Amino acid sequence: MHEVAHDLVGCVIRHGGAAGRIVEVESYHQEEPACHAYAGLTPRTATLFGPPGNAYVYRSYGIHALLNAVAEPEGVGAAALIRALEPVEGVDVMRARRGVHPLDALCSGPGKLTEALGIGLELNGATLTGDGPIAVFPGLGHRPVEVVRGTRIGITKATDLPWRFCDRDSPCVSRPWPAVMRDARASVARSGRGPRPAPA
DNA sequence: CATGGGATTGACT
DNA sequence: GTCAATCCCATGC
């Protein structure tokens, strides 16, 4: 599961005439309370317990569609939440759907990227690896990725698990980078204000 | 059947 | 920094 999440960083995902390079992913697993599958097999979580490589799309806060890739064999509820992309294709389509212009604002969040790609709840259960409407493939030809790891964000349970994977060099992540990276950058002398220092 | 919460975002103080 | 919007579904009566 973590391997799936880790390896998704750097891949390209395409749908609806637009595509982006994945720069931020988080893992969720049935044995941990932040995961929807923690509640067991229900109508809502059926997709999570289904075959790996399928999309699990659900509505968040009644407003946004969030996209996951099912990441464990059938019967185990686990997935990788795709949290941010760097636009690489169909930028104008993304801008039209999002209503904003800056590149790093188009897909820098799990709700933003589904809107930019035109992904809705009707795609829950669709395959990501085959010939479905959503295509995920290796980001060959793009710059190599250096993945840094940190704790997941936006959740209220199991907040201590280091299950967030980010492209260290992308300006399109949804929130500040993991502490690992802030530490790495702190070693570089910097005159003005830099990234906010990690709270103890 | 009624209720409450949430893996978010954008607007506002 | 705070806060509302909005809907699916898990849970409890």
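These numbers were taken from a predicted model, which means no experiment stands behind them. Order of the sequence lines sets the chain letters (A, B, ...), proteins ahead of strands, with each chain counted from 1.
- Atom-to-atom, CD1 of A/I63 to P of C/dC8 comes out at 12 Å; the value is rounded to the nearest Å.
- Put simply, the side chain of A/D167 never gets that close to the backbone of A/V23: no donor and acceptor are under 3.5 Å apart.
- Using modelled atom types, no side-chain atom of A/N68 and backbone atom of A/V70 make a donor-acceptor pair closer than 3.5 Å.
- The list of ring pair (Phe, Tyr, Trp, His ring centres under 6.0 Å) pairs with a residue in residues 107-164 of chain A, not counting sequence neighbours, reads A/H2-A/W163.
- Spacing between atom NE2 of A/H64 and atom C1' of C/dA4 amounts to 11 Å, rounded to whole angstrom units.
- To the nearest angstrom, P of C/dT6 lies 14 Å from CD of A/E115.
- One side chain, A/Y56 or A/H36, offers a donor N or O that lies under 3.5 Å from an acceptor on the other.
- A/Q30 contributes no side-chain N or O that, together with a main-chain N or O of A/C35, makes up a donor-acceptor pair within less than 3.5 Å.
- Proximity of a side-chain donor or acceptor of A/R83 to a complementary backbone N or O of A/E26 within less than 3.5 Å is not detected.
- The number of heavy-atom neighbours closer than 6.0 Å to CD of A/E122, taken from other residues, nucleotides and ligands shown, is above 12.
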Problem - Dot-bracket encoding per residue of DNA chain B, Watson-Crick/G-U cut-off under 3.5 Å, | denoting interstrand - result: ||||||.|||||.

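- A cation-pi arrangement is present between A/R152 and A/Y28 under the rule of less than 6.0 angstrom and at most 45 degrees off the ring axis.
- Between A/Q30 atom CD and C/dA10 atom C1' the separation is 17 Å, expressed in whole Å.
- One atom, CG of A/L41, and another, P of C/dC9, lie 13 Å apart when rounded to the nearest Å.
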Exercise for the section: Summarise how protein sits on nucleotides 2-7 of chain B as a single string, 5' to 3': B when a protein heavy atom is under 4.0 Å from the base, S for sugar-phosphate-only contact, - for no contact. Expected result: ----BB

